Amino acid sequence: MVELKTIFLKRGKEDSLNRNHPWIFSGAIHHSDCDLLEGDKVRVLNSEGKFIAIGHWQIGSIAVRVLTFNNEDIDSEFYEKRLATALDVRKSIGLLREGDACGINKNSTYRLVHGEGDYLPGLVIDVYEDTAVMQAHSVGMHVDRILIAQSLKKVMGDNLKAIYYKSETTLPFKADLNQENGFLVGHSHNDIAIENGLKFHIDWLKGQKTGFFVDQRDNRSLLEQYSKGRNVLNMFCYTGGFSVYSMRGGANLVHSVDSSAKAVELVNKNIELNFPGDKRHQAFAADAFKFLDEMTTKYDLVVLDPPAFAKHRDALKQALRGYTKLNAKAMEKMPSGSILFTFSCSQAVNKDQFRTAIFSAAMQAGRNIRILHQLHQPADHPINIYHPEGEYLKGLVVYVE
Ligand code: SAH
């Protein structure tokens with residue numbers, strides 16, 4: 001076995017690790033046997049010298065992200081095993097589909113690795129057709145990036161032509177890695193991916209996250225079912241995922257709104273790709289609150305999918321007020337019989353808190369609402385049962401009277 005630097009825990013600090021929680025906080029560490037460098041793989045022992053785990057060490061309150069609770073090498077075999085399991089899960093969910101002869105219902109867009117949910121903390125991999133976009137959220141995963149890319153290529157074989165590494169904005173700023181985005185394997189010019197038979201331009205070079213919000217796939221499908229004959233407002237539209245689905249669902253008109261002009265360009269491109277020349281769609285570059293204040297169209301199907309209002313626990317109260325205000329503004333103007341799809345992707349806001357924020361919005365707007373669906377992240381964003389922090393996306397579909 002490869003020799004690793006060793007960390008010793010304080011007495012009694014291994015309880016959460018015995019319950020398979022994959023994080024070790026800095027306060028739990030007694031000492032290390034030599035100087036540590038951010039991104040090092042470390043062997044973790046308890047105060048009596050018993051083996052507990054192996055993980056990536058990093059500077060910050062989460063000091064170690066556990067890769068394994070077994071005493072094993074973290075090598076290509078390790079990563080291949082984890083990646084092959086992740087791929088099997090996506091295959092068994094039915095996310096890799098060719099569709100029929102015309103490509104109807106084809107799907108080639110999915111999250112292959114969702115950090116702790118796939119026992120690879122700090123790593124995200126989204127697959128778009130034959131390109132994988134890989135993102136490191138920890139220095140340890142950054143250090144291992146080549147090993148991971150090679151393992152991924154081996155596991156996916158010819159189905160994968162290129163791996164793009166996109167960690168410029170996700171690595172800890174202080175680590176000072178001067179990381180640049182770029183291809184680690186191959187090169188790809190095809191920027192179109194297919195989700196449930198719909199086409200999307202994916203801007204993995206410059207787009208937000210890995211280029212697309214894969215996590216709303218199931219919720220977009222549900223919206224499609226409610227779209228027939230409705231006037232749809234897709235607020236915070238980004239690439240226009242919800243808009244494209246509602247067009248296919250037979251919406252009467254679809255208006256997409258985002259404060260970013262680049263997003264408006266993207267949504268227009270994606271509508272054109274699927275419904276060329278269709279006049280039912282229009283996109284607006286505007287601030288959400290201002291648009292809701294000034295709008296005169298009666299929208300009876302509204303999507304509110306804002307960016308995370310609470311990036312940290314400290315911002316929780318203010319974030320909840322933000323969700324309430326936003327939803328109240330939308331509800332005030334929705335005609336009776338409307339349907340609202342409302343989301344929060346803030347990890348710091350839990351399901352009950354979000355529901356309370358929507359309760360307050362209904363009170364403020366003076367509307368009766370009923371919950372039709374309670375939504376969450378899809379199956380390719382699995383939640384490790386020992387790591388409840390992995391649950392982040394929540395949504396409600398409400399009927400507004
Ligand atoms: N619903 C999208 C993802 C939304 S991401 C999807 O399914 O892909 C959040 C989006 O909100 C970003 O595109 C961002 O540009 C936009 N945004 C952030 N603040 C905004 C504001 N005040 N008004 C309107 N859009 C905003």
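Just so it is clear, the structure is predicted and the values come from calculations on it, not from any experiment. We count ligands from 1, going down the list as the structure has it; atoms in each ligand are counted the same way.
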Establish, from distance only, whether the side-chain atoms of D215 and Q377 form a donor-acceptor pair under 3.5 Å.
-> no
Where is the tightest heavy-atom contact between L87 and V155, given as atom of each residue plus distance?
-> CD2-CG1, 4.0 Å
What closest approach, in Å, do G211 and T239 show between heavy atoms, and which atom pair accounts for it?
-> O-CG2, 4.0 Å
Close residues (non-hydrogen atom under 4.0 angstrom from ligand 1) work out to Q208, F213, R220, F236, C237, Y238, T239, F242, D258, S259, S260, A286, D287, A288, D305, P307
Looking only at heavy atoms, what is the nearest atom pair of P378 and V214, with distance?
-> CG-O, 4.4 Å
The complete set of salt bridge (Lys or Arg N to Asp or Glu O under 4.0 Å) pairs with one or both residues in residues 135-148, sequence neighbours excluded, reads K41-D144
Cation-pi geometry met for R82 and Y79 (6.0 Å, 45°) = no
